[in-house]
Each structure stands twice: as structure tokens, then as C-alpha cells.
Amino acid sequence: MKPTLLSLLALCAAAFANAAPVQVAVAANVQYAFADIAASFSRDTGIAVQPSFASSGKIATQIMNGAPFELFLSADNEFPQKLAQAGFTLQAPKSYALGALVLWSKDPQFNPRQWQQWLAAGSGKVAIANPRTAPYGSEALRVLDYYRLSASVTPRLVSGDNIAQAAQFVVSGAAQAGFVAKALVLAPQMKGAGRWVDIPAASHQPIVQDMVLLKPAAANPDARKLFDYLSGPAARQILQRYGYRLP
Amino acid sequence: MNGLDLAPLWLTLRLAATTTLLLLLLGLPLAAWLAHSRSRLRPLVDTLVAMPLVLPPSVLGFYLLLALSPANAPGAWLRELFGVNLVFSFAGLVIGSVLFSLPFMVQPVAAALSGLPPSLREAAWTMGKSRLATLLRVELPCVRPALVAGVVMSFAHTVGEFGLVLMIGGNIPGVTRVASIAVYNEVEALNYPAAHAYAAILCAFSFAVVLLVNLLRRRAERIA
């Protein structure tokens, strides 16, 4: 009986010590990688993490209107910059990853070697993230421009609310193909769903992903620990495993 | 306001008008059947018609996305039948909207029809009117306020649709980007002036609709 009671007390103490999990807003392309990083961080430090996933634009809007996030992992470097200029951050943004785009499809005809011809000749919908709020969407448009595919593909574009919805359009077969983050197709959850091909980085602007500590983090030292952890070896290894290049 | 893209507003009106028209064609016979039938299926159909009132739009959106996807049997069949993909299309939004607004048309009309004295229909029948003629010429004119309320509310509810369109629309300008989605887009892109313009127009519209329904109801009560 006694050890049980003791361990229960210890558990309560631990629960109180970690009363406030770090509130993190995470761009949808990082959701699977971040889940692994958060698990590793909690294992190493005993600090709980509570992530919310959405498009970077939505998160930025929410932060500007008082969302209590302490840390923001964006899919680009513009939204964190905007937040810094508007005075919502504790310090300057810092890059944590460089994103990569892939073209992804479940179509049996999909030929990754000749994806441009296949894409131009196709007739099905092509999913991207909303170009106005998600950098993976706007870079996908640049890719189409670069390969002169705009004329044939633009009329078939459908945009997801964020990159995860674009991926879901591909998984459900509603769209024939989609430009998504490499991190999503490398996630274990997506394993075996269709095939994908790397989009050459030269065809678009680099997707520099910044993170930033927000004002509410001032009251929670654990938030800074996670911020530092994200630049550490454990997090970098996980990010690489999900196809990100490192800054 | 300058340079506000009006396409989402026109698209919304077109979607709401098409949906309302289809609901009149499908909803009125269904309402008549619900009002008069003694079938054992009636409670079941009644329940199904009311389901969209309580179902989250995301549930309907999820099922419709899977059903209309060309990768699945129903979507593939519809594609062969009509030669078009229904997901991410205006037609797909119409299907979703009809399902979603069905109770707003059927329920008030069915309630009003079942409140009519049976002698009315029976008199029409004895004078040789068919069931259809009785419905169109005798019963429906008697429940005009409910009919108008059904039309106005179906129309307005379609204008107010959001979650379903977000899930099966794909945000295509001029095809599936309706006004509610346009507001959402502008807010996310931090373009508040445009968001305000759309939002104000939708507020004015909703106010006018609810006011209209209330005035009609009061007039109907005065007559009755």
C-alpha cells in the first residue's frame, strides 16, 4: 500500500510541477515531425507540450488576436517576421528547417521520372495549399511557372485550407495529384499511400521555416527550453528524417 | 471596398438559388408525403430529413468527399454517368447544399400541410382533382407563409454554409469559392479591409432575410 501511495504522491507532484504544458502553434507541414520532437523533448526533460496545427496564416492571425501560444513554428519566414514587427514576439525569429516540396499521387499511371509530362497531360484535379496563407502553396505555383505548366495545370488546381488538407485530397483520391511538403509523405502515417517525386529546389524559392518565441512565453521558462531544443542535435536529426534540410 | 472581388458573392447567390430551386422540386413532394403518409417508414424518413440540423458540417463534408471522389465507387459511377468530377465542382456544392438545407425546406412545409383540415383535400378529390393538382392548387396555396419561410430559410442557410464547402470545395475562384470562404481567406491572409467588406455584406443580407421571415410570419398570424 505504502509504495503505491508514495508513487501516487510523486505523480501528483510531477503533475503540479508540469502544470503548464508549453503551448506551441505548429504549421501543418511540420505536424508529424513535431510530434516526434515533442515526444523526444518530453522524454528528455519531463516537460509536457501541447501543439496546435493549422496553416501559418491562420496561426499568425490567431496570435495577433490574443491566442495564448508561447512558441510558433511557421512554414515560412514572413509570418514570424510580421509578428516580430507588430510586437508579439520576445526575440527575433530563428530558422529551424528548410522545407522541400514533392509531387505526390496515387494514380497508377503516375510516372515520377516524367512527372512534368504526366502532369501536363492529366485531367484530374491538382491539390496545393492555399497560396495566400501557406508558403508550400505559393512555392508550388512558382514550380508550375518554372516548368511552364501553369497553362495546363492552373485550371485544375484546388487549394486546401493548409498543406495537410491538400495531402488529404490526394489520400482520399479526390485530387489526382498534389504538391505537398516532403515531411508529410515521409510520415509513417502516409507510408504506402501512392508515390512521390522530389521537386528540384532550383524551381522555387527556398522554403525557409522560422520559429519564434511569443510574448506569453515570458512567463514560462519551459517554452525557451523547447525553443533551444529545436536547434539541438535530437530535433535536427528528427527534422532530417522527415526530409527537411537544415539551416 | 475598391477592387473587392464580387465573384464570391455572385457565386454564393447562384449556389443558393440553384439549391433552393432543387429543394422546391425535391422537398415539396417529400414534405407532402411526410405530412400525409401513414407508412411505417415515415418516422425514419422524418429523422433522416432532420439529421442535417444536428450533424456537424464536417461529418457531411467528410462523407461527401469520399462519396464524390473519383477514386471511390459512387464518384466513379457519377463520373461515367455525367462525365464530370463532382468533387471540387459547383455541382458537388449543390448536392451538398441540398442535403444540408433539406430540413429548412421540408420541415415548415410538412408541419403546415399536416395542420390543414383533411376535409380540404377530400373536397378537392371528390371534385375530381388529382393528388398532384390538389397539392399544387389547393394545399400549397393554403400554406403559403410556410412555403415562403422554407424558401427564404433554405436560401439563407445555403448562403451561410461554410464547413461543408471548406471540405469539398477546394477554394476554386468562381467555382467553389463562396462568400463565407472568401471572408475566411481574407482573414487568414491578414487582409482585414476585404474581410470587413464581405462580412458587412453578409451581415446586411442575413438581417434582411430574418426580418423578412419575421414580417411574413406576423402577416400570416394576422390573416389566421
Side-chain angles (χ1 to χ4, degrees), chain A residues 27-28 54-65 75-76 78-79 81-83 85-86 88 105-108 122-135 137-138 153-162 164-166 168-178 193-194, chain B residues 5 8 57-58 61-79 83-93 95-96 162-178 180-192 194-196 199:
Chain A
S55 72
S56 301
K58 180 171 4 226
I59 295 170
T61 310
Q62 289 175 344
I63 290 168
M64 287 186 172
N65 290 287
D76 71 349
E78 281 173 29
F79 284 114
Q81 199 57 48
K82 272 188 194 155
L83 289 172
Q85 276 161 8
F88 288 95
S105 177
K106 286 173 76 181
D107 189 334
S123 61
K125 298 291 184 191
V126 178
I128 59 173
N130 186 340
R132 290 185 64 196
T133 56
S138 49
V153 177
T154 307
R156 290 145 56 202
L157 285 180
V158 292
S159 40
D161 178 38
N162 56 51
Q165 199 190 16
Q168 173 255 306
F169 286 159
V170 176
V171 172
S172 67
Q176 190 181 25
Chain B
D5 182 11
S58 49
F62 175 53
Y63 284 149
L64 271 175
L65 183 76
L66 293 186
L68 299 181
S69 162
N72 297 322
W77 181 75
L78 285 169
R79 181 161 70 165
V84 284
N85 265 345
L86 286 174
V87 70
F88 308 125
S89 71
F90 183 75
L93 288 196
I95 293 177
F162 173 71
L164 186 68
V165 185
L166 193 69
M167 289 192 72
I168 63 167
N171 201 355
I172 307 170
V175 180
T176 58
R177 184 182 295 163
V178 297
S180 59
I181 299 284
V183 174
Y184 181 74
N185 276 338
E186 299 300 349
V187 171
E188 279 202 9
L190 304 178
N191 183 5
Y192 284 12
H196 271 307

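Just so we're on the same page: letters track the sequence lines, and every chain starts at 1. What's counted below: heavy atoms across the whole structure, side chains too, no hydrogens, waters or symmetry copies.
- The minimum heavy-atom distance between S172(A) and S69(B), with the atom names listed, is O-OG, 2.9 Å.
- Distance check: S159(A) OG to I181(B) CD1 gives 10.0 Å after rounding to the nearest 0.5 Å.
- K82(A) touches chain B through its side chain: at least one heavy atom from C-beta onward sits under 4.5 Å away, while N, CA, C and O do not.
- Heavy atoms of S55(A) lying under 4.5 Å from chain B belong exclusively to its side chain.
- Residue E188(B) holds its CD atom at 5.0 Å from CG of D161(A), rounded to the nearest 0.5 Å.
- Taking chain B as the reference chain and counting heavy-atom pairs below 4.5 Å, the highest number among K106(A), R132(A), Q62(A), Q168(A) is found for R132(A).
- Between the CD1 atom of I172(B) and the CZ atom of R156(A) there is a distance of 12.0 Å, given to the nearest 0.5 Å.
- Within the 4.5 Å cutoff, the side chain of N171(B) has heavy atoms near those of the N130(A) side chain.
- For N65(A), the part lying near chain B is the side chain, with the backbone staying farther off; criterion is any non-hydrogen pair under 4.5 Å.
- Proximity to chain B is limited to the side chain of T133(A), based on heavy atoms less than 4.5 angstrom apart.
- With contacts defined as side-chain heavy-atom distances shorter than 4.5 Å, the pair V87(B)/K125(A) does not qualify.
- In this structure, no portion of Q176(A) lies under 4.5 Å from any heavy atom of chain B.
- Atom OH of Y63(B) has 12 or fewer neighbouring heavy atoms from other residues, nucleotides or ligands inside a 6.0 Å radius.
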